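Here is the naming used below: chain letters follow the sequence lines, and residue numbers restart at 1 for every chain. Small disclaimer: the values here were computed from a predicted structure and weren't measured.
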Amino acid sequence: MENNRPVRVRFAPSPTGRMHLGSGRTALYNYLLARKTGGTFVLRIEDTDRKRLVPGAEEELIEGMKWLGINFDEGPGIGGPYGPYRQSERKAIYQEYADKLVEAGHAYPCFCTPDRLERMRQEQQKRKEPPHYDRTCRNLSPEEAKRRVEAGEPHVIRFKSPMEGTTTVRDVLRGEITVENRTIDDYILVKTDGFALYHLAATVDDHLMDISHVIRGSEWLPSLPLHVLIHRAFGWVEPEYCHLSVFLKPSGKGKMSKRESADLLKDGYSIYVMDLKELGYLPEAVVNWIALMGWSYDDHTEFFSLKDLVEKFSLEHLNPSPAAINFTKFDHFAGLHVRNLQVEDLAQRMKPFFEKAGYAADLDTLVKIAPIVQERLVTLDEAPDLAGFFFKTEILPAAEELVPAGMTREQALDVARQSLAVLAAAPELTPEAAEAPMRELVEKLGLKAGQVFGLLRVAVTGQKVSPPLFESMMIMGRERVLKQVEQAVRMLEG
RNA sequence: GCCUCCAUCGUCUAGGGGACCAGGACGCAGCCCUUUCAAGGCUAAAACGCGAGUUCGAAUCUCGCUGGAGGCACCA
């Protein structure tokens with residue numbers, strides 16, 4: 001099915017909202033196929049609807065792709081031989097091609113008012129008919145239509161779709177799909193204001209930009225016959241089409257709504273790519289996770305870097321059925337990729353999150369901390385909770401937390417005093433030098449390691465949960481550690 | 001309502017007529033390891049939607065049903 005000839009593919013989002021996981025995956029698959037085949041990945045902005053334009057959306061989109069590591073070869077900002085790459089800058093091109101279609105008899109001007117169309121639709125609804133244009137203006141003579149257009153009468157351009165027969169299209173994932181032509185409406189190609197609508201603009205651009213494979217969301221599948229018909233009306237050969245399954249909400253019941261997306265954030269999740277960055281997820285994890293929603297490599301390999309994916313990706317292993325978003329599995333991948341990082345890299349990436357939490361974290365210390373927090377993190381955002389104490393000027397545990405479960409305050413005091421003596425006597429506070437004498441003390445006292453180390457953990461870090469105790473003490477330094485334990489003794493005395 | 005697509009453990013999936021009393025992963029439960037939290041290791045429970053047909057043989061092919069999803073704008 002798929003050879004390895006260099007493809008020309010495009011990701012064609014409209015800047016009408018935030019970049020979500022679904023668009024991220026579409027961009028990713030396009031990118032992967034382009035890199036895999038040594039082809040070209042084009043970014044095209046579909047901004048023909050000026051009313052729905054959201055300021056900053058294009059910027060966030062490009063930022064999101066950059067964060068994920070999905071770089072495009074041609075597009076806004078960097079240009080290319082097939083530009084411009086914003087459809088709003090291509091208005092004249094669509095007008096020209098719409099005219100060609102009218103001249104060739106494949107399209108016609110329609111003078112019906114939005115008002116009339118609305119009434120028509122309502123009646124059709126009432127009669128339980130599918131909403132469609134009744135083709136009134138299709139029957140106008142070309143002469144009359146031309147005269148009214150030249151008289152300046154407001155009009156749209158509609159596609160003259162065949163009224164009988166069938167149209168067969170091909171989708172890479174689904175094979176041949178045949179539809180009855182009578183179910184294909186005379187869709188509007190150009191609006192009254194002269195702007196092209198998606199169906200015309202995308203089709204013309206895909207041809208003009210020499211796109212070989214259209215990989216897009218399956219919400220476009222129903223309009224595929226129309227797009228193919230437009231290509232054919234021009235006498236063009238259509239590209240290969242590949243419609244990706246949709247992402248469903250975690251319950252599997254339908255697509256995610258705006259409301260539900262907002263609720264998600266309260267649980268520390270989001271379907272918006274840049275939110276995930278903010279939440280401390282690694283882009284590597286996002287890529288790995290979404291790549292595997294609708295694509296698989298074999299029956300056991302799940303950990304992939306972007307580079308791995310470029311090497312392994314192919315259209316054959318795509319799955320046509322919808323996939324429910326599963327954030328629990330995402331967390332799993334997030335953890336795997338944190339653990340996969342080089343220590344220096346992890347330190348570097350944690351830095352902004354420590355700073356955001358109000359800690360003046362220096363890179364040298366973060367490099368020391370990284371190995372002991374690495375296997376405990378799912379997101380970078382969790383790092384300051386776990387290891388912020390290293391940067392605190394004052395660590396003040398609550399006195400009652402210094403008393404381990406099943407122990408009296410007096411017993412705890414005794415343990416603290418003896419621990420302090422042992423630690424102070426140790427040549428240095430490294431795991432090698434301090435752990436063995438401490439364990440001897442535990443044995444001598446007839447206690448469990450957890451009891452003694454738990455007390456010390458709270459005394460030294462101020463936390464009940466922390467990275468491994470002796471490693472932490474080494475990073476903190478002898479002086480601070482002893483000061484903390486002395487403080488604990490005083491607190492237990494008082 | 002109409003059109004189209006989809007259908008394997010709760011979820012993501014492997015599977016493409018015999019290798020499948022269906023494999024992996026997440027999660028869940030239990031156990032091991034253990035100074036907390038993790039990580040890691042082991043074990044368990046857990047699926048071919050239903051019905052016909054084709055075939056010596058069907059999770060795999062065909063049809064029907066059911067269920068789910070998407071689409072039906074002077075949005076993309």
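- A/K448 comes within 4.0 angstrom of nothing in the nucleic acid, heavy atoms only.
- Nucleotides B/U8 and B/G1 have their P atoms positioned 25 Å apart, rounded to a whole Å.
- How far NE2 of A/H155 is from NZ of A/K191: 14.0 Å, rounded to the nearest 0.5 Å.
- Base contact: A/P114 has a heavy atom under 4.0 Å from a base atom.
- Contacts of A/W289 with the nucleic acid, taken as non-hydrogen atoms under 4.0 Å apart, are absent.
- Here the straight-line distance linking atom CG of A/L101 with atom CD of A/E96 works out to 12.0 Å at 0.5 Å rounding.
- The only option from A/R44, A/H231, A/H213 that meets the side-chain hydrogen bond (donor to acceptor under 3.5 Å, both in side chains) definition with A/D206 turns out to be A/R44.
- Pairing of B/G18, defined by two Watson-Crick or G-U wobble distances under 3.5 Å, is identified with B/C56.
- With hydrogens and angles ignored, no donor-acceptor pair under 3.5 angstrom links the side chain of A/Q125 to the base of B/G1.
- Across all strands shown, B/C42 forms a Watson-Crick or G-U wobble pair with B/G30, both key distances being under 3.5 Å.
- Counting non-hydrogen atoms under 4.0 angstrom, A/S321 reaches the backbone sugars and phosphates but no base.
- Both distances falling under 3.5 Å, in either a Watson-Crick or a G-U wobble arrangement, place B/A7 opposite B/U66.
- At a threshold of 4.0 angstrom between heavy atoms, the contacts of A/L469 include nucleobase atoms, whether or not backbone atoms are also involved.
- Residue A/S223 is classed as having no contact, given no heavy-atom separation below 4.0 Å to the nucleic acid.
- B/C72 is paired with B/G1 under the Watson-Crick or G-U wobble criterion, all donor-acceptor distances under 3.5 Å.
- The distance between the ring centers of A/Y269 and A/F327 falls below 6.0 angstrom.
- At a threshold of 4.0 angstrom between heavy atoms, the contacts of A/S296 are confined to the sugar-phosphate backbone, with no base atom among them.
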